[in-house]
Asker: 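First the structure, which I've put down as structure tokens, then a few questions once you've had a look.
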2 protein chains.
Amino acid sequence: MRLTTKGRYAVTAMLDLALHSTAGPVSLSEIAGRQELSLSYLEQLFVKLRRNELVKSSRGPGGGYSLNRPVADICVADIIDAVDERVDATNCSGKSDCQEGNTCLTHHLWNDLTQQIHGFLTGISLADLVNRKEIKRVSERQDSQLEAANDLQQIRIATSD
Amino acid sequence: MRLTTKGRYAVTAMLDLALHSTAGPVSLSEIAGRQELSLSYLEQLFVKLRRNELVKSSRGPGGGYSLNRPVADICVADIIDAVDERVDATNCSGKSDCQEGNTCLTHHLWNDLTQQIHGFLTGISLADLVNRKEIKRVSERQDSQLEAANDLQQIRIATSD
DNA sequence: ATTTAACCTAGCAAATTAGTCAGATATTCA
DNA sequence: TGAATATCTGACTAATTTGCTAGGTTAAAT
């Protein structure tokens, strides 16, 4: 089973998208800036998210990505499945052929665990996350930080000649 | 977060130990034979299990490993923690400094998930597993297979000269 | 003394991760 | 038309982890 930075980045980016998609598409560079993630890496993840029909893209200036479904209809498990391929604690991908064609001693345990995790992550939608107080707070901090950084950038440009 | 073959092997081996520890210590070669695991790899895992005081060892002929606590007092989470170091879905080991010293957007989600998984695995003891019908069935199959293999081995030795 | 087992150390091939880099392609705006 | 913006695409890579092997040492039982 794997739940690594890849899945975490994807969920973080999708949540950022959900939080900022009030007015048109959001570009990956915006997300990369706010969440401090690598742009190129995000591009790779969004290819998979698009193929799994979680987001839709629009190219060109003013373009970017937007959610393909209402926030309440996208759960965390969908996102992780899309980029991480699977959240599966068994060694045999649930096929029960873990010990030379037979079931291994602990197969049932890992199967139960997989269902437990999947159930938990299926029960949480982007809408749930957007509404969480702690997450709202973090998001506001990120927005104001980015604004401050942009202002500084403007000053640098204006005074450099 | 990681839950790989390492943790699975450890739990499988500990369960095998629990199932066969009725009469004295169990050697790692027995476990390796029954569960079809690498002996050297098992040795490495049992170093950690011993350091975490889940098993005790006795050397020499007839030696091997035995459980250091009653089966009801060893839970799956203990075993995985011992070999896998941790089952933690956050990127910051729970320290909340995931984004340049601040909390990242999805920290709370991964924290909840970690607690969910840990709670589930803490709730399952070796005693619970030993008593499960499916596991009893798999164990009986393994025992009879090994016996058959040993008989065959005996015949080979007797007829080879 | 020999055998059996735990114990210890080092190293390694394959896979995975978390990226970078360089460019192609599509869209909008001036 | 052309410049700017942004998504796409693929190849490549450094670092880490995993699962495993090899080879040896130490302790206890026969």
Side-chain angles (χ1 to χ4, degrees), chain A residues 1-13 17 20-21 24-33 35-52 54-66 68 80 83-89 91 98-99 104, chain B residues 1-13 17 20-21 24-33 35-52 54-68 80 83-89 91 98 104:
Chain A
M1 196 198 116
R2 31 181 180 173
L3 208 171
T4 63
T5 314
K6 201 198 283 188
R8 277 195 293 263
Y9 279 12
V11 176
T12 304
L17 196 52
H20 296 91
S21 62
V26 182
S27 75
L28 291 189
S29 18
E30 282 180 64
I31 300 179
Q35 305 305 328
E36 299 175 28
L37 308 175
S38 144
L39 173 61
S40 305
Y41 197 42
L42 271 186
E43 286 176 348
Q44 289 175 43
L45 296 181
F46 270 75
V47 168
K48 295 184 179 187
L49 294 172
R50 187 174 48 91
R51 288 196 185 135
N52 281 271
L54 295 176
V55 295
K56 57 190 170 206
S57 63
S58 53
R59 294 175 158 203
Y65 287 93
S66 39
N68 201 24
I80 292 179
V83 297
D84 236 359
E85 321 298 25
R86 69 216 136 94
V87 176
D88 186 358
N91 198 21
C98 358
Q99 190 181 12
C104 81
Chain B
M1 196 198 118
R2 30 181 180 174
L3 206 171
T4 64
T5 313
K6 200 197 282 186
R8 276 195 294 263
Y9 279 13
V11 176
T12 304
L17 197 52
H20 296 91
S21 63
V26 181
S27 76
L28 290 189
S29 17
E30 283 180 64
I31 299 179
Q35 305 305 328
E36 299 176 26
L37 307 175
S38 143
L39 173 61
S40 305
Y41 197 43
L42 271 185
E43 285 177 348
Q44 291 174 40
L45 297 181
F46 271 76
V47 168
K48 296 184 176 183
L49 294 173
R50 187 172 50 90
R51 287 194 188 138
N52 281 273
L54 295 177
V55 296
K56 56 190 171 207
S57 63
S58 54
R59 292 177 159 203
Y65 287 93
S66 40
L67 297 176
N68 201 25
I80 292 180
V83 297
D84 236 359
E85 322 297 26
R86 69 218 138 95
V87 177
D88 186 356
N91 197 20
C98 359
C104 82

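To find a chain, count down the sequence lines: A is the first, B the second, and so on, and within it residues start at 1.
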Asker: Between CD of B:Gln35 and CG of B:Leu28, what distance do you get to the nearest 0.5 Å?
Answerer: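 The distance works out to 12.0 Å.
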Asker: B:Arg51 has an atom CZ; how far is it from atom C1' of C:dA6, in whole Å?
Answerer: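 One finds 13 Å between C1' of C:dA6 and CZ of B:Arg51, rounded.
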Asker: If you compare every side-chain N and O of B:Ser38 against the phosphate oxygens of D:dT21 (OP1, OP2), does one of them come in below 4.0 Å?
Answerer: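 Checking D:dT21 against B:Ser38, a side-chain N or O does come within under 4.0 Å of OP1 or OP2.
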Asker: Is there a side-chain contact between A:Thr5 and the phosphate of C:dA18, meaning an N or O under 4.0 Å from OP1 or OP2?
Answerer: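 It does, given that an N or O in the side chain of A:Thr5 lies less than 4.0 Å from OP1 or OP2 of C:dA18.
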Asker: 5'-most contact on DNA chain C: B:Gly62 or B:Val47, nearest heavy atom basis?
Answerer: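 The answer here is B:Gly62.
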Asker: Working to the nearest 0.5 Å, report the span between CG of A:Leu37 and OG of A:Ser29.
Answerer: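 These two atoms lie 12.5 Å from each other.
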Asker: Across nucleotides 22-30 of chain C, 5' to 3', mark each nucleotide with B, S or - according to how protein heavy atoms within less than 4.0 Å reach it.
Answerer: ---BBBB--
Asker: For a 4.5 angstrom cut-off between non-hydrogen side-chain atoms, does B:Leu49 reach B:Phe46?
Answerer: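 When only atoms from C-beta onward are counted, B:Phe46 and B:Leu49 do touch, with a gap below 4.5 Å.
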Asker: State the CG-CG distance between B:Asn68 and B:Asn52, to the nearest 0.5 angstrom.
Answerer: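 One gets 11.0 Å once the value is rounded to the nearest 0.5 Å.
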Asker: How close or far is atom C1' of C:dA18 from atom CD of A:Gln35, stated in whole angstroms?
Answerer: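 Interatomic distance, CD of A:Gln35 to C1' of C:dA18: 17 Å.
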Asker: To the nearest Å, how far apart are A:Lys48 NZ and C:dA18 C1'?
Answerer: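 To the nearest whole Å, that distance equals 12 Å.
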Asker: Could you state the CZ-P distance from B:Arg50 to C:dA6, rounded to the nearest angstrom?
Answerer: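 Rounded to the whole Å, the gap is 11 Å.
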Asker: Starting at OH of A:Tyr65 and ending at C1' of D:dA6, how long is that distance when rounded to a whole Å?
Answerer: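 The answer, rounded to whole Å, is 9 Å.
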Asker: For residues B:Pro25 and B:Tyr65, determine if any side-chain heavy atom of one lies less than 4.5 Å from a side-chain heavy atom of the other.
Answerer: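 Side-chain contact under 4.5 Å: no.
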Asker: Once hydrogens and angles are ignored, does a donor-acceptor distance under 3.5 Å link the base of D:dC20 to the side chain of B:Gln44?
Answerer: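 Pair found.
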Asker: Within the 4.0 Å heavy-atom criterion, would you say B:Phe46 contacts the bases, only the backbone, or no part of the nucleic acid?
Answerer: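 Touches nothing.
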Asker: Taking NZ from A:Lys6 and P from C:dA18, how many angstroms apart are they, rounded to a whole number?
Answerer: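 Rounding to the nearest Å, NZ of A:Lys6 and P of C:dA18 are 8 Å apart.
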Asker: Expressed as a whole number of angstroms, how long is the span from A:Leu42:CG to D:dT7:C1'?
Answerer: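 For the pair A:Leu42 CG and D:dT7 C1', the rounded distance is 13 Å.
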Asker: Let's see if you can work this out: which of C:dC7, C:dA6, D:dT18 has an atom nearest to the side-chain heavy atoms of B:Leu28?
Answerer: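 When the side chain of B:Leu28 is considered, C:dA6 is the closest of C:dC7, C:dA6, D:dT18.
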Asker: Can you tell me how far P of D:dT17 sits from OH of B:Tyr9, to the nearest Å?
Answerer: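 It works out to 19 Å between those atoms.
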Asker: Using side-chain heavy atoms (C-beta onward) and a distance below 4.5 Å, is A:Glu43 in contact with A:Val47?
Answerer: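 The answer is no, as the side chains (C-beta and beyond) never meet within the 4.5 Å cut-off.
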Asker: So does B:Ser57 get a side-chain nitrogen or oxygen closer than 4.0 Å to the phosphate oxygens (OP1/OP2) of C:dC7?
Answerer: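 Yes.
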Asker: Quick check for you: to the nearest 0.5 Å, what is the distance between B:Ile31 atom CD1 and B:Glu36 atom CD?
Answerer: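 CD of B:Glu36 is found 14.0 Å from CD1 of B:Ile31.
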